[in-house]
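Structure in structure tokens, see below.
Note that the coordinates shown come from a computational prediction; the quantities given were computed from them, not determined experimentally. Note on naming: letters A, B, ... go to the chains in the order of the sequence lines (proteins, then strands), and numbering restarts at 1 for each one.
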Amino acid sequence: MSDFELLDPSGLPIGGSFGAAGAANAADPLLEGLNPSQERAVVSRGPALLIVAGAGSGKTRVLTHRIAHLIRGREAWPSQILAITFTNKAAAEMRERIGDLLGGAAEGMWVSTFHSACVRILRRESERFGYVSGFTIYDSADSRALLKRIIKDTDAASYGFTPANASSKISKLKNELLDASAFRTTMNDADPRDRLFAEIFTMYDQELRRANAFDFDDLIGQTVQLFRAHPDVAAVYQRRFRHILVDEYQDTNHAQYSLIRELTRPTDPEQTMRLTPPARAAELDDNGVIPAASLTVVGDSDQSIYAFRGADIRNIVEFERDFVGAEVVKLEQNYRSTQNILSAANAVIGNNFDRQEKNLWTASGDGEKIVGFTGYSQHDEARFVAEEIEDLHRQGLAYGDVAVFYRTNSQTRALEELLIRSAIPYRVLGGTKFYERAEVKDAMAYLTSIANPYDPITWSRLLGAPKRGIGPMAEAHLAIFQEAHDLSFHEAMARAAEVPQLGPKLRGSVLALADMLARATQMAVGGGTTDVEGDEAQPAPVGDVLKLILDETEMIEKLRAKRDPQDDARAENLEELLAVAREFDVKHPGAGLIAFLTEVSLVAAVDDLDDTSGTVSLMTMHTAKGLEFKAVFITGVEEGLLPHQMSVDETGGINEERRLMYVGITRARERLYLTLASTRATFGDISAAMPSRFLQEIPEGLVHWRQSPGEVTSRGGTQSRALNAPRGTGGGYAQRPSRDSSVAFGGPSQGSSAALQEPSNGNMQSALEKWRERKRLAKEAQASGGGFPNTIALGARDNSSLALAAGDRIKHDQYGPGRVTAITGEGTKRVAHVVFDSVGERKLLVKLAPIEKITE
DNA sequence: CGCAGCAGGGTTTTT
DNA sequence: CCCTGCTGCG
């Protein structure tokens with residue numbers, strides 16, 4: 001809230017003064033080193049600006065310089081800037097960089113995510129619409145917990161509703177700014193499922209309100225509603241934010257778009273007169289209102305990968321139509337990747353027909369070829385990744401410069417296993433996040449409940465953790481009492497003696513818990529009403545409050561007392577949580593509990609990416625957006641995975657997957673690896689995997705296959721990988737001066753005349769030949785309506801009829817001889833467990849494995 | 001009420 | 001395979 005005070009009423013600059021920015025002199029440090037497009041994007045002034053920023057084109061630089069330029073030129077106070085980024089980490093970086101550019105004069109800027117900005121507004125204005133400032137933010141697990149209760153109460157499960165599908169449906173609607181009553185007007189009244197869903201939706205929102213809680217989508221949607229329902233509030237923010245900048249605009253959804261629209265309206269004439277402090281003449285335009293804020297958006301429709309979350313690509317495609325007078329600046333020079341990487345990216349994305357043409361180029365030379373590798377299994381693939389990372393490391397590349405990407409979080413398992421075995425330091429971003437772990441949520445529930453003692457989900461959680469004999473029955477009696485007397489849950493517990501259904505033992509537990517919560521609450525708010533007069537107490541540090549809770553509940557001790565080693569890890573997580581809280585106290589002294597809870601609720605996966613950690617980073621390609629690494633491994637480049645099976649039926653699904661692939665490729669600066677496996681275990685059983693169609697879209701000359709799909713699925717060669725060890729001088733990272741322009745901007749692979757440059761043995765040639773043959777067959781099969789080539793037909797090997805039993809000796813093309821220890825599964829999914837003389841145990845899909853029976 | 005043991009079901013991506 | 005939820009027993 002201090003930001004408002006920083007808005008100096010006496011020195012307010014004139015909004016929308018279009019100074020002679022174009023005449024900036026060349027020595028301007030803010031423009032130095034920028035290319036003409038970048039410079040234009042920095043100095044352009046007008047109502048709206050769209051910066052079409054291809055991958056790696058320096059958009060962050062442009063954004064930060066643009067903001068610094070505005071501030072330094074006294075066109076805006078820092079407090080008049082609202083910059084929206086995709087993650088908190090990006091926000092922190094941007095703030096820091098602007099601070100550096102300006103020498104620290106960036107106080108008062110709002111640089112944050114949509115969600116953080118909205119929470120800030122909602123906390124400040126919550127009383128307006130019946131919420132309390134300490135409202136809880138429900139994460140998706142909380143939402144589902146609430147929905148679970150509702151679905152149970154309405155018996156909706158028999159109509160096929162689950163917490164997960166109801167939650168996603170509600171989320172979709174909220175992203176479109178539709179509430180339950182809006183749904184009612186559009187639904188099919190004759191459909192009982194629709195009517196029931198409307199009921200669930202209504203109850204869900206009612207319960208949220210009663211709990212003084214918002215879900216993720218509400219944060220945006222309710223802020224929009226707030227502005228629409230309260231023009232006086234809207235006017236305050238419209239007046240304040242004179243320059244609004246939005247990064248990753250291609251991934252905004254309708255609610256976010258609407259928020260931007262509300263913020264970039266001229267103030268309502270009626271409200272303009274009521275502003276405090278009153279608007280000065282310089283702020284007003286000829287119509288007597290404060291003119292619309294200037295809007296800058298940055299994005300790349302080729303990197304739109306969040307349609308599933310409601311992102312609407314039209315927001316960026318139709319920007320010029322939407323915001324009249326908009327200028328468009330295209331940034332097409334890439335400063336990140338080598339030409340080979342860029343050519344691959346361009347070739348892939350070129351297959352999306354419905355895009356605006358863009359022509360990314362670089363001046364940095366071809367660089368190394370892309371390396372391809374096909375493993376026999378995901379295990380084999382992971383082993384390649386681990387070995388290759390070790391090679392790169394030996395060549396002098398830091399672990400922190402390496403990232404491994406995958407489509408689904410479940411793919412981490414095999415990768416982690418091999419990285420651990422190879423003693424490669426790594427960290428996994430995203431996945432089951434720290435704050436989603438049960439024990440962390442348990443501890444957090446106490447803090448959340450202190451901030452919002454009306455929240456039933458949180459309260460219910462803390463009752464049961466740790467176990468203290470208070471079960472569902474006791475909970476229900478207390479909840480009924482709470483509701484009947486219109487109390488908070490904490491007050492209800494303090495009066496447990498008035499609940500006759502509770503026995504003496506239970507009553508004791510409840511009262512003890514209530515007492516502990518009361519003391520913790522007292523600490524958190526800073527003394528409260530019973531405080532000694534004149535001695536104003538400060539709110540205790542969050543860490544102290546958490547310490548009290550952990551001590552009194554003995555959560556850590558109880559975990560330590562168990563024998564399960566998993567519980568040791570859980571205890572450590574709680575200690576970690578305490579450390580996080582202490583760190584927060586140091587970083588934000590006196591900020592208080594609610595600030596801590598807000599921060600925790602809104603952390604994103606990359607927010608805890610520590611660039612200095614010196615570890616390999618594992619993450620999904622979604623999480624990778626906006627990041628870059630010297631060496632990138634994209635794993636699991638298979639049909640069914642990338643593109644994901646779930647997306648192939650969805651309209652536009654494949655195109656979105658292709659954009660995802662594009663995002664992945666363009667993260668790489670110097671080295672790119674594309675890996676896949678010919679078999680993949682999903683759920684326990686193993687099935688055959690086909691190379692992704694995206695691989696076929698990359699011109700062949702760009703990729704050096706260490707082991708091609710053909711070699712693995714047909715009886716190809718087993719060339720020693722040692723023979724193909726990275727060439728070149730020992731330095732490893734020297735870029736080759738040669739440029740092979742024939743592959744630059746190559747379209748889809750067919751017709752590419754680029755000859756294989758690798759010293760290939762005939763083996764490799766024929767393997768590639770075979771793969772090409774299979775590609776053609778696959779294409780034909782697809783064209784003839786045969787569906788997608790994700791079965792193992794098409795001339796691959798077929799061992800289905802190979803009779804194998806435990807005890808048999810076999811020979812594998814790569815692993816050599818080994819002994820079968822067991823056969824599991826049936827038919828095409830028959831799996832041989834084999835102990836090889838060379839590499840130990842492997843599981844092989846009999847149908848596909850390059851094996852034959854041998855006799856000793 | 002709490003725990004252990006079992007059956008069944010689920011596969012995308014996330015602020 | 002893994003996590004969840006349910007059941008049945010102490």
Side-chain angles (χ1 to χ4, degrees), chain A residues 84-91 112-119 137-141 143-145 148 152 157 162-165 167-168 171 174-175 214-221 248 251-253 255-256 304-311 378 405-411 413-414 429-433 435-436 438 463-475 503 505-506 509 562 564 598 600-607 619-625 636 640-650 653 656-657 659-661 663-664 680-687 843:
Chain A
I84 301 287
T85 59
F86 202 65
T87 64
N88 293 302
K89 178 168 187 275
S112 70
T113 62
F114 270 109
H115 290 84
S116 300
C118 286
V119 170
I137 301 165
Y138 274 11
D139 66 15
S140 26
S143 295
R144 266 181 275 127
K148 193 173 156 189
K152 200 167 181 182
T162 63
N165 66 30
S167 162
S168 104
S171 175
K174 285 190 173 181
N175 283 331
F214 291 110
D215 66 20
F216 268 131
D217 304 309
D218 282 338
L219 297 178
I220 316 288
E248 307 284 9
D251 280 322
T252 50
N253 60 34
Q256 292 165 332
S304 165
I305 54 174
Y306 281 104
F308 71 92
R309 196 168 90 182
Q378 54 205 341
F405 300 160
Y406 36 82
R407 178 65 231 271
T408 68
N409 283 304
S410 61
Q411 287 169 254
R413 226 171 289 281
L429 301 184
T432 20
K433 285 177 228 109
Y435 294 106
E436 284 169 12
L463 278 185
K467 306 270 183 236
R468 49 166 75 82
I470 306 175
M473 286 307 286
E475 179 186 328
K505 210 170 142 196
L506 223 43
S509 310
K562 295 199 189 173
D564 192 340
T598 303
V600 166
S601 306
L602 299 178
V603 288
V606 289
D607 289 340
M619 68 191 87
T620 66
M621 282 190 275
H622 284 90
T623 301
K625 190 171 77 159
L641 206 48
L642 183 63
H644 196 277
Q645 195 59 47
M646 287 286 129
S647 69
V648 296
D649 312 318
E650 290 166 17
E656 175 138 327
E657 297 287 304
R659 290 193 293 269
L660 193 56
M661 179 78 181
V663 166
R680 190 161 291 271
T682 44
F683 271 140
D685 53 26
I686 301 177
S687 55
K843 282 193 260 186

Discussion item. With a 4.0 Å limit, can you tell me whether A:N409 has a side-chain N or O closer than that to the phosphate oxygens OP1/OP2 of B:dT12?
Written reply: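 For A:N409, the contact criterion (side-chain N or O under 4.0 Å from OP1 or OP2 of B:dT12) is not met.
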Discussion item. Whole angstroms only, please: what is the CG-P distance between A:N175 and B:dT15?
Written reply: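 From A:N175 CG to B:dT15 P: 14 Å.
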Worksheet item: A:R468 and A:S509: which non-hydrogen atoms are nearest, and at how many Å?
Response: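 Heavy-atom minimum between the residues: O-OG, 3.8 Å.
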Worksheet item: Is there a side-chain contact between A:I84 and A:Q256 (heavy atoms, below 4.5 Å)?
Response: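 They are not in side-chain contact.
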Discussion item. Side-chain N or O of A:T623 versus OP1/OP2 of B:dT13: is the shortest distance under 4.0 Å?
Written reply: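 For B:dT13, OP1/OP2 do not have a side-chain N/O of A:T623 under 4.0 Å.
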Worksheet item: Can you tell me how far P of B:dT12 sits from CG of A:N165, to the nearest Å?
Response: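 After rounding, the gap between these two atoms is 13 Å.
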Discussion item. Can you give me the closest heavy-atom contact between A:I305 and A:D251, atom names plus distance?
Written reply: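 For A:I305 versus A:D251, the nearest heavy atoms are N-OD1, 3.2 Å.
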Item to complete: Name all residues meeting the ring pair (Phe, Tyr, Trp, His ring centres under 6.0 Å) criterion together with A:Y306; count only those two or more places apart in sequence or in a different chain, and write none if there are none.
Response: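 With neighbours one apart ignored, the set is A:F86, A:F308, A:H622.
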Worksheet item: Checking A:R144 side chain against A:P163 main chain: does a donor-acceptor pair fall under 3.5 Å?
Response: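 No; judged by distance alone, with no hydrogens or angles, the pair does not exist.
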Discussion item. Without decimals, in angstroms, what is the distance between A:L602 CG and B:dT14 C1'?
Written reply: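 Rounded to whole Å, this separation is 13 Å.
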Discussion item. If you assign A:S647 and A:I470 each to the DNA chain B nucleotide with the nearest heavy atom, which residue ends up on the more 5' nucleotide?
Written reply: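 The answer here is A:I470.
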Worksheet item: Quick one: does A:N175's side chain have a donor or acceptor within less than 3.5 Å of a partner on A:R309's backbone?
Response: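 A pair under 3.5 Å: yes.
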Practice prompt. For A:F308 and B:dT13, say yes or no: do the ring centres fall under 5.5 Å of each other while the ring planes differ by less than 30°?
Written response: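 A:F308 ring centre within cut-off of B:dT13 base, planes near parallel; stacks.
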Worksheet item: So which nucleotide from B:dT14, B:dC1, B:dT12 ends up closest to the side chain of A:A474?
Response: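 Closest nucleotide among those given: B:dC1.
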Item to complete: May I have the distance from A:D215 (atom CG) to B:dT15 (atom P), rounded to whole angstrom?
Response: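 Distance, rounded to whole Å: 15 Å.
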Discussion item. With a 4.0 Å cutoff (strictly under), does any side-chain N or O of A:K148 reach OP1 or OP2 of C:dG5?
Written reply: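 Yes, within the criterion.
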Worksheet item: Mind checking the P distance from B:dT13 to C:dT4? Whole angstroms is fine.
Response: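 Comparing P positions in B:dT13 and C:dT4 gives a spacing of 15 Å.
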Worksheet entry | Rounded distance (Å) that lies between atom P of B:dG10 and atom CZ of A:R144 |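 It works out to 14 Å between those atoms.
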Worksheet entry | Nucleotide C:dC2, atom P - distance to CD of A:Q411 in whole Å |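 About 15 Å, once rounded to whole Å.
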Item to complete: Would you please confirm or rule out a distance under 4.0 Å between OP1 or OP2 of B:dT15 and any side-chain N or O of A:N253?
Response: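 Negative; the distance criterion is not met.
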Practice prompt. Using a 4.0 Å heavy-atom cut-off across all strands, classify A:Y306 as base, sugar-phosphate, or nothing.
Written response: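 It contacts sugar-phosphate atoms only.
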Worksheet item: If you check every side-chain atom of A:K467, which of B:dT15, B:dT12, B:dC3 has the closest atom?
Response: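 That would be B:dC3.
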Worksheet item: In whole angstrom, what separates A:N88's CG from B:dT15's P?
Response: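 Distance, rounded to whole Å: 9 Å.
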Worksheet item: Toward the 5' end of DNA chain B, which comes first, A:T113 or A:E657, by nearest nucleotide?
Response: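 On the 5' side of the pair lies A:E657.
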Worksheet item: So, does the side chain of A:H115 form a donor-acceptor pair with the base of B:dT15 at under 3.5 Å?
Response: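 For A:H115, whose side chain was compared with the base of B:dT15, there is a donor-acceptor pair (under 3.5 Å).
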Item to complete: Using the aromatic ring of A:F216 (for Trp, its six-membered ring), decide whether it stacks on the base of B:dT15 within the limits of 5.5 Å and 30°.
Response: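 The ring of A:F216 is stacked on B:dT15.
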Worksheet item: Considering only side-chain heavy atoms of A:T620, which listed nucleotide, C:dC2, B:dT14, B:dC1, is closest?
Response: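 Nearest nucleotide to the side chain: B:dT14.
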Worksheet item: Rounded to the nearest Å, what distance is computed from the CE atom of residue A:M621 to the C1' atom of nucleotide B:dT14?
Response: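 It works out to 15 Å between those atoms.
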